[in-house]
Amino acid sequence: MATINTNYQKLASGYLFPEIARRTGIWQKNHPGIPVLRLGIGNTTEALPPAVCLAMKQKIDELSDRSTYTGYGDEQGDTYLREALVAYYQRYNVQLESTEFFVSDGAKSDAANIQDLFGSDNVVAIQDPAYPVYVDSNVVGGRTGLFNPERGCYDGFVYLSSTEENGFIPVPPSEKVDLIYLCSPNNPTGSVATHAQLKAFVDYALEHKSVIIFDSAYSEYITEEGYPHSIYEVEGAKRCAIEINSFSKFSGFTGVRLGWTIVPKELACENAESGVLNAMWNRRQCTFFNGASNIAQRGGYAALVGEGYAQSRALVAYYLENASIIREGLKRVGLTVYGGVNSPYIWAKTPNGMNSWDFFDLLLENCHVVVTPGSGFGPAGNQFVRVSSYGHREQVVQAMRQIEENLKL
Ligand code: PLP
């Protein structure tokens with residue numbers, strides 16, 4: 001008799017983006033012919049860098065000729081790509097080995113799968129608000145109790161509140177936790193952790209034999225000096241942190257699919273000495289995953305070097321310019337805004353203590369602009385909305401015009 005994993009039944013209903021789509025769909029049905037401008041989902045819209053396209057086309061040519069055809073690639077990802085990633089990290093004075101990199105089909109699946117390495121009795125700390133996959137994967141993995149609708153929280157998680165008071169970067173928990181999810185630059189708040197703030201978490205993790213899962217999918221958006229691009233810039237982090245990153249927001253690979261995870265050989269935890277977690281992740285990936293597309297990997301390599309890197313940086317700069325237009329526009333209408341400087345996301349405070357879904361509805365109704373309600377990322381997001389810069393410039397400018405003309409606070 002088969003039975004289901006009943007942890008799925010604990011998942012809170014109404015996943016954020018389907019609910020946004022549902023409300024937007026109803027509005028559009030009731031207002032035919034009126035275009036809606038979407039600054040909600042963090043999906044890229046600009047074309048891939050030309051050097052990336054060229055590299056992928058060349059790989060397709062090689063695949064179409066039996067003398068240059070290749071099938072399954074190297075374990076952990078093509079070696080030339082992992083070596084390029086080693087060189088990429090050397091920019092930040094981080095020395096890693098290519099065998100510490102695991103190339104994947106993206107950061108989201110890695111962020112979900114990585115919890116496989118850890119026992120179901122581990123206590124998990126989550127930044128609140130957070131990118132939903134960290135929460136849901138651990139609910140399914142059996143590390144929580146039930147969802148408490150009144151508090152908007154799962155029993156059993158330790159929530160690290162990101163608030164205006166702490167600049168949206170929490171301090172380490174006062175109690176002992178085993179796994180800590182951190183994301184910097186942060187989705188959704190757009191905040192970025194300083195070296196000292198990350199060091200506090202690294203020190204905590206070393207002291208408690210905890211493991212940090214550090215999501216740096218937006219590291220290329222750090223424009224101001226002095227912020228770490230990788231947690232391994234902090235002394236000791238290799239002993240206590242796994243880092244996950246992606247080509248999605250750096251080089252427009254949201255549809256192409258490519259990411260990487262670093263499990264350092266030095267990483268250890270309560271019942272695993274150095275080397276064990278690296279070997280376990282190798283075993284997991286080699287057994288459950290057959291590697292990322294070789295076409296995507298060739299494109300990823302092109303994004304890391306020479307012209308392709310410059311073009312990827314230009315793509316990031318384009319979205320950051322959008323972010324600046326949004327940020328300044330929202331400020332002009334009198335909203336309090338955060339983020340949007342080292343991040344593609346602007347975290348805007350709702351006016352007059354409104355809750356985030358009411359403000360979502362107001363912006364849709366009066367300005368015909370879709371944003372993301374902050375409460376969808378956790379209870380601390382309840383009086384915020386996330387505004388995404390991943391639109392075409394003309395749409396971003398038009399959306400801001402509509403907000404400036406029609407939003408009366
Ligand atoms: N991590 C964060 C913090 C994200 O915001 C996103 C996408 O929005 C991802 C990971 C997903 O990256 P990928 O497209 O590589 O799965």
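All values reported here derive from a predicted model rather than from experimental measurement. Whatever order the structure lists them in is the order used to number ligands and atoms, beginning at 1.
Under the 4.0 Å criterion applied to side-chain N and carboxylate O atoms, Arg332 and Glu328 are not assigned as salt-bridge partners.
Remark: Ser109 engages Asp105, Asn113 in a side-chain contact (heavy atoms from CB on, under 4.5 Å) (not counting sequence neighbours). For Val171, the side-chain contact (heavy atoms from CB on, under 4.5 Å) criterion is met by no residue, not counting sequence neighbours. For Tyr318, the ring pair (Phe, Tyr, Trp, His ring centres under 6.0 Å) criterion is met by no residue, not counting sequence neighbours.
Separation of the Tyr218 and Tyr131 ring centroids does not fall under the 6.0 Å cut-off.
With respect to Phe377, the side chain to side chain contact (heavy atoms under 4.5 Å, CB included) criterion is satisfied by exactly one of Thr189, Asn186, Val135, Thr372: Thr372.
Within 4.0 Å of ligand 1, contacts by protein heavy atoms are made from Gly106, Ala107, Lys108, Tyr131, Tyr134, Cys183, Asn187, Asp215, Ala217, Tyr218, Ser246, Ser248, Lys249, Arg257.
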